[in-house]
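Working notes, structure below.
Below, each value reflects all heavy atoms present in this structure, side chains not excepted, and no hydrogens, waters or symmetry copies. Numbers here are sequence positions counted from 1.
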Amino acid sequence: MPGGCSWGPAAGDARLWLAVVLLGWVTSSSLTSSATSSTSSAQFLASAVSAQPPLPGQCPPPCECSEAARTVKCVNRNLTEVPADLPSYVRNLFLTGDQLAVLPAGAFARRPPLDELAALNLSGSRLKEVHAGAFEQLPSLRQLDLSHNPLDDLSPFAFSGRNASASAPSPLVELFLNHILPPEFDRENRSFEGMVAAALRAGQALRGLHRLELTSNHLLYLPRDVLAQMPDLRHLDLRNNSLVSLTYVSFRNLTHLESLHLEDNSLKVLHNGTLAELQGLPQVRVFLDNNPWVCDCHMVDMVAWLKETEVVQGKARLTCAFPEKMRNRVLLELNSSDLDCDPILPPSLQTSYVFLGIVLALIGAIFLLVLYLNRKGIKKWMHNIRDACRDHMEGYHYRYEINADPRLTNLSSNSDV
């Protein structure tokens, strides 16, 4: 029995130890299999995610996006074309400081469309060509900035679409075309003013435009009907150009115009027609600083208008630039007796006299050249005339001597008998 008693506990401990070993082996096996299955599941999910196409709300690699602000900025990225994967939520798009060069038709056509794009800034992207229909399929576009681009070719249908007659009016409210004259533009073969005017009035596309800026373009004149197709215009900025006159520009239909900036141009005087049109606009404010006003007899009406009107802002700062005796005189302080014209010939008559003088000088030069080339013949002819005149005079002298001497007279009479 003692032996049995001693064996019993030992056998019990052995069986307990074996059970613990078996339990640990089973547990480790189950943990290993579960870890393996988890790893396989993670790998499958990763491969499935990588196989999915990019979401439409993702940001193009060269750009910075803010979905909360609905803004995409692709600034100074040297892009040569508009990114194809723009997110559909974008409302404000900045493509500035790039290398776009050409903006073709349908440049912003996307699937899904960019229906919410309202502000588009393309300034300083070295754009040289904007083709017809470049901004089609942007139904919410309100603000467009093409400033600081050397636009050599601005299509007449850039804002109206490729088929101007069938296209709906552009939704644009603000258009910025500042400093777009390329340095190498050939004015002899093409008119920069005409190119811009054609794009502004084609198909009445910009009839809803409220703000137009055309500063720093060296504009020499404004075509007669460039503003006729923009009846809702409220702000017109023409600063820092080379405008010499507004005679052929009509502001009559711009009944909503609130501000007209004409500073830093080459205006010499505003004539009665322009003065009457500006005075007829109910809420306009006109800015005329830094123009070379010529204070002569043609300025009388403008000076009288300035003293009466309230539409010109800062009119007390306007001063004369010419003639020299009137330089820096304040326009509001001038009287009609101060404004006179020097008694000089009209420019057209001066031109006629100059042309006549040139013609006469040319005829004289040709005559002298002919005389010089025939100098020998003329000399011989002069000698012949001199000899003939001498012989003739000698005959007269001989007859005079005969008539003066009575003896020779009687002799002559006797000889006749």
- Note on the structure: Taking every heavy atom of Val249 against every heavy atom of Leu227, the minimum-distance pair comes out as CG1-CD1, 4.0 Å
- Query: Considering only heavy atoms from C-beta outward, does the side chain of Val269 approach that of Asp301 to under 4.5 Å?
  - Reply: no
- Message: Does this structure show an ion pair linking Arg207 with Asp232, if we count only N-O contacts that are shorter than 4.0 Å?
- Response: no
- Query: Taking the side chain as C-beta and beyond, is there a heavy-atom pair between Leu275 and Asn272 under 4.5 Å?
  - Reply: yes
- State whether Asp289 and Arg317 are salt-bridged, where the test is any N-O pair (Lys NZ or Arg NE/NH1/NH2 against Asp/Glu carboxylate O) under 4.0 Å. yes
- Does a side-chain heavy-atom distance below 4.5 Å link Glu193 with Val226? no
- Message: One pair to check against salt bridge (charged side-chain N to carboxylate O under 4.0 Å, His left out): Asp225 and Arg201. What are the steps and the verdict?
- Response: CA-CA 8 Å; Asp225 56 349; Arg201 65 192 175 205; 2.6 Å; yes
- Please test Lys268 against Asp296 for salt bridge (charged side-chain N to carboxylate O under 4.0 Å, His left out), starting from the C-alpha separation and ending with a verdict. CA-CA 10 Å; Lys268 297 175 177 59; Asp296 58 11; over 6 Å; no
- State whether the number of non-hydrogen atoms from other residues, nucleotides or ligands found under 6.0 Å of Arg252 atom CZ is greater than 12. no
- Task: For the residue pair Val311 and Arg285, establish whether any side-chain heavy-atom pair is separated by less than 4.5 Å.
- Result: no
- Can you check whether Leu334's main-chain N or O pairs, donor with acceptor, with Asp338's side chain at less than 3.5 Å? no
- Can Glu116 and Arg91 be counted as an ion pair, charged N to O under 4.0 angstrom? yes
- Query: Looking at Glu333 and Lys307, does any basic side-chain N land under 4.0 Å from a carboxylate oxygen?
  - Reply: no
- Between atom CZ of Phe355 and atom CD1 of Ile358, what is the distance when rounded to the nearest 0.5 Å? 7.5 Å
- Task: Quick one: do Arg77 and Glu64 satisfy salt bridge (charged side-chain N to carboxylate O under 4.0 Å, His left out)? Show the steps, please.
- Result: CA-CA 11 Å; Arg77 300 296 184 179; Glu64 299 176 1; 3.4 Å; yes
- Message: Strictly distance-based, threshold 3.5 Å: is any side-chain N or O of Thr71 a donor or acceptor partner for the main-chain N or O of Ala69?
- Response: yes
- Task: Hey, could you give me the CG/OG distance between Leu236 and Ser259, rounded to the nearest 0.5 Å?
- Result: 8.0 Å
- Task: Measure the shortest side-chain to side-chain distance between Asp387 and Ile385 over non-hydrogen atoms and say whether it is less than 4.5 angstrom.
- Result: no
- Check: Asn335/Ser337 side-chain N/O donor and acceptor closer than 3.5 Å: no
- Student check: side-chain heavy atoms of Leu371 and Arg375 closer than 4.5 Å: no
- Item | Cys74 to Leu95 - nearest heavy-atom pair and separation | CB-CD2, 3.5 Å
- Item | Heavy-atom side-chain contact between Phe322 and Pro292 under 4.5 Å | yes
- Query: Does a donor on one side chain and an acceptor on the other come within less than 3.5 Å for Asn291 and Asn265?
  - Reply: no
- Note on the structure: Leu331 and Cys320 have their tightest heavy-atom pair at CD1-N, 3.5 Å
- Query: Please walk me through it: do Val173 and Gln143 pass side-chain contact (heavy atoms from CB on, under 4.5 Å)?
  - Reply: CA-CA 6 Å; Val173 175; Gln143 184 185 91; over 6 Å; no
- Message: Out of the candidates Asn78, Thr80, Asn149, Leu122, only one should pair with Leu100 under the side chain to side chain contact (heavy atoms under 4.5 Å, CB included) rule; please name it.
- Response: Leu122
- Message: Please determine whether the number of non-hydrogen atoms from other residues, nucleotides or ligands lying under 6.0 Å from atom CZ of Arg126 exceeds 12.
- Response: no
- Using modelled atom types only, decide if a donor and an acceptor are shared between the side chain of Ser125 and the backbone of Leu127 within a distance under 3.5 Å. no
- Query: side chain to side chain donor-acceptor pair (under 3.5 Å) with Thr215: which of Asn178, Asp264, Asn241, Asn240?
  - Reply: Asn178
- Report, as yes or no, whether the 6.0 Å neighbourhood of atom CD on Gln283 holds more than 12 heavy atoms from other residues, nucleotides or ligands. yes
- Determine whether Leu219 and Phe192 make a side-chain contact, defined as any pair of heavy atoms from C-beta on separated by less than 4.5 Å. yes
- Task: Could you pull out the closest heavy-atom pair between Leu114 and Ser88, with the gap in Å?
- Result: CD2-CA, 4.1 Å
- Item | Nearest atoms (heavy-atom pairs only) where Asn253 meets Ser250 | OD1-O, 4.2 Å
- Flag the pair Asp237 and Arg211 as a salt bridge only when some basic side-chain nitrogen lies within less than 4.0 angstrom of an acidic carboxylate oxygen. no
- Item | Asn290 CG to Trp293 CH2 distance, which is reported to the nearest 0.5 Å | 10.5 Å
- Exercise: do Ser191 and Tyr221 side chains pair donor with acceptor under 3.5 Å: yes
- Would you say the side chains of His131 and Glu129 form a donor-acceptor pair under 3.5 Å? yes
- Go through the steps to decide whether Lys73 and Cys63 satisfy the test side-chain contact (heavy atoms from CB on, under 4.5 Å), and finish with yes or no. CA-CA 6 Å; Lys73 295 183 178 180; Cys63 305; over 6 Å; no
- Item | Reported CG-to-CE distance for the pair Leu306 and Met299, which is rounded to 0.5 angstrom | 8.0 Å
- Message: One thing to verify: whether Arg110 and Asp115 come together as a salt bridge, which I'm taking to mean a side-chain N less than 4.0 angstrom from a carboxylate O.
- Response: no
- Item | Aromatic ring pairing Phe135/Phe159, orientation class (parallel under 30°, perpendicular over 60°, tilted between) | parallel
- Message: So which atom in Leu86 and which in Val72 form the shortest heavy-atom distance, rounded to 0.1 Å?
- Response: CD2-CG1, 4.2 Å
- Test item: Lys128 side-chain N/O and Pro182 main-chain N/O as donor-acceptor pair under 3.5 Å: no
- Query: More than 12 heavy atoms of other residues, nucleotides or ligands under 6.0 Å from NE2 of His261: is that the case?
  - Reply: yes
- Note on the structure: Interatomic distance, CG@Leu233 vs CG@Leu206, rounded to 0.5 Å, equals 10.0 Å
- If you measure from OH on Tyr89 to SG on Cys65, what distance do you get to the nearest 0.5 Å? 4.5 Å
- Task: May I have the step-by-step check of side-chain contact (heavy atoms from CB on, under 4.5 Å) for Phe251 and Leu260, ending in yes or no?
- Result: CA-CA 10 Å; Phe251 301 96; Leu260 174 60; 3.9 Å; yes
